[in-house]
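Structure first, then comments.
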Amino acid sequence: MKVIMREVLLYYRSHKVENIVFVCQITVFFILMGTFFAFTGEAHYGKSNIERTYKDKAIYQLIDGYYDPDAFTAFRSEPNALNILKNYYHALMNAESFQYLAMFDQSITINDVNGAADSDGGQLKEAEAFQMNEQACQYFELNVIEGRAFQQGDFDDNGNVMPVLMGSSYMNAFEVGDRLPATYYQREVELEIIGFLRENTMIYYNGNYEFYLDQYIILPYIHYDAPQTESDESFQEIVYFAMINGYISISSGDAHTQDMMAEMEAIAEKTGFYNYVFIGSNPNLQQYRGLINILNKNYDLILSLLILSFLVNMVTLGVQAYMMQQRRLRMMAIHYLNGATLQSLMKQIVMEVLLVIGLAAFLGWNVLVRLKISNIVILLIFLMIAVTFMIGISLISICKLKNAELMLTLNQEDDLQ
Amino acid sequence: MKDIILETKKLCKRFKRPGGTQTVLNKVNLQIYRGEMTAIRGKSGNGKSTLLNILAATMRADSGKVLYGDIDLQRLSNAGRARYRREKIGYIPQNLYLLDDRNVFMNIALPLQYAGEKKENIRKKVEEAAEWLDIVSLLGKAPQTLSRGEKQRVAICRSIVKIPEILFADEPTGSLDEENEQLVLEMFQSLKIQGTTIVLTTHDDSVSQICDEVYHIGSFGR
């Protein structure tokens, strides 16, 4: 083993340039593979997510009709305004013919986003926030890459602590469990980070099928208990007014639309909230097909490039390894006639290949980690490719050595001496 | 009574070539005697180097026996044959082939390293051998910087550094000028005097003349 290790070191020392080029080539290949796999993974995820979410669905936007500030103030001054809003919202949530998705993007003021005290004594900063009710979170199947997603209890009133999910862009700034003091509709709350969303998480919002949440703090729409004070009541009214503005999702088709309309009327009758409007109705959601087509084309293109690149690189590296081995056969023969066994020469080759590809894999993986496109699936694929390379190139080299009448190579005239 | 150190019996070797197989050695019988210098003569392509390689256990014959004492080298495992190469023989290949990735010292030390010798022993033995061949001044040099004659002496030095029982040399004077050829033959004779058995291939009459036995290999190695 000592002799083999010494020979491996000598080999690297005497073939520096060759090996550096080899390592660089494989490293670049690994990075390309990792990037490609990350992209195809994301494209596949995005495509299947969109298909699952929108196929045969229709979405209507539902808003309240209080455009006029006087009418709004008049409604809020009614003694049972909050109850009406709460009943209306809960009825929407419990509807049988549709799913109600309450969503709203509104910035939130956070005292120091970076977690350190401000030098000027607590200057407040604005952060993009996106509020969602439980059904909206389930509907879009928000996945986390760290921590956990929202659970039922997160939508209950837990005092001043509000669990939040962070968009993936916050990954390096905060950790799960961090608490951020914030002002939410003029109320002081503490946002507790429970998880980080998967990169490129997108939902349908404001007519956009690709509304990305990477930059957002996701807040749950809380079901508040009865208010204790006037300020509580005022706060809850504002929140519930926001909560009754959202989207209604139904299965596409006239019959389903009629059922939804009928149930909306029944809810209005039952709760006393009549002032609602549907806008931007999108009964067929056909546009998502266009998006899927684009993703499909991208996906196929990238996959073809990936396979082609993999094959070309495998062949290139295989040929390189073969030729390198061809050139070294006579050197191997010298070792052989001076006492080396075929097995020890094979071990030496495997060791050389192992170190070169291992180093390339290490460098490539580090670059992917720095580029933030690493995950466990990519790591597994990465290891699989690295092992395939190691086995492939070792086998090519070993077969070359094994099949050669080693000593005959010494009788061939050449320019080595 | 001469002592046989190596003997072949009905040795056959064929090579696959495009368009069929080529018989290189066909039922070759020969005896190599201990302490003697034996030449194997023949035209190019008649199987001299192949026979040398089979005797040196760096190649296997297709059939027949190669007896070292009562051990048939043909039947030895790869490890056993490697041990035979490490412990019993020295080999000077036709084209010398010094390793370019190390200096002359390390080239000469190679068989000792495979034999598992300790570092201090390696140094001592390499220096002794180099002194005997008058190449001490070359030890630190890179093989690429040497002349053909110097390379030949380094190759000989590498093959004798572990003091082998049998020294195989494939066309040792093939590409040397007269002066270097003479020098090499003198070295071989000195080695013979010290008890080393020498087996070499040649088509040079002046080399055959100093040998104790000369085998002629014709077409098909007969």
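From a predicted model like this one, the values you see are computed outputs, not experimental measurements. Here is how names work: the chains are called A, B, and so on, in the same order as the sequence lines, proteins then strands, and each is numbered from 1.
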Would you say [atom1] of [X] has more than 12 non-hydrogen atoms from neighbouring residues, nucleotides or ligands within 6.0 angstrom?
X        : atom1 : answer
B/Arg123 : CZ    : no
B/Lys65  : NZ    : no
A/Glu175 : CD    : no
B/Ile163 : CD1   : no
B/Glu131 : CD    : no

[atom1]-[atom2] distance between [X] and [Y], expressed to the nearest 0.5 angstrom:
X        : Y       : atom1 : atom2 : answer
A/Ile334 : B/Leu98 : CD1   : CG    : 7.5 Å
B/Asp100 : A/Leu10 : CG    : CG    : 12.0 Å
A/His335 : B/Leu99 : NE2   : CG    : 4.5 Å
A/Leu337 : B/Met59 : CG    : CE    : 11.0 Å

Problem - Largest heavy-atom contact set with chain A, pairs under 4.5 Å, which of B/Lys162, B/Arg85, B/Arg86, B/Met106 - result: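 Of B/Lys162, B/Arg85, B/Arg86, B/Met106, B/Arg85 has the most heavy-atom pairs under 4.5 Å with chain A.
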
Practice task
Identify the heavy atoms of A/Asn338 and B/Tyr114 that sit nearest to each other, and give their distance.
Solution key: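 Shortest heavy-atom separation between A/Asn338 and B/Tyr114 comes out as O-CB, 3.5 Å.
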
Practice task
Considering non-hydrogen atoms only, spot the tightest contact between A/Ala340 and B/Ala82 and give its length.
Solution key: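 Shortest heavy-atom separation between A/Ala340 and B/Ala82 comes out as O-CB, 4.4 Å.
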
Problem - Residue A/His15 versus chain B: region with a heavy atom under 4.5 Å - result: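 Neither; nothing under 4.5 Å.
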
Practice task
Using a 4.5 Å cut-off on heavy atoms from C-beta on, say whether the side chain of A/Thr341 contacts that of B/Asn78.
Solution key: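 No; the side chains remain at least 4.5 Å from each other.
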
Exercise for the section: Give the C-alpha distance, both sets of side-chain angles, the deciding distance and a yes or no for side-chain contact (heavy atoms from CB on, under 4.5 Å) between A/Glu7 and B/Arg102. Expected result: CA-CA 10 Å; A/Glu7 289 304 323; B/Arg102 63 203 77 196; 2.6 Å; yes

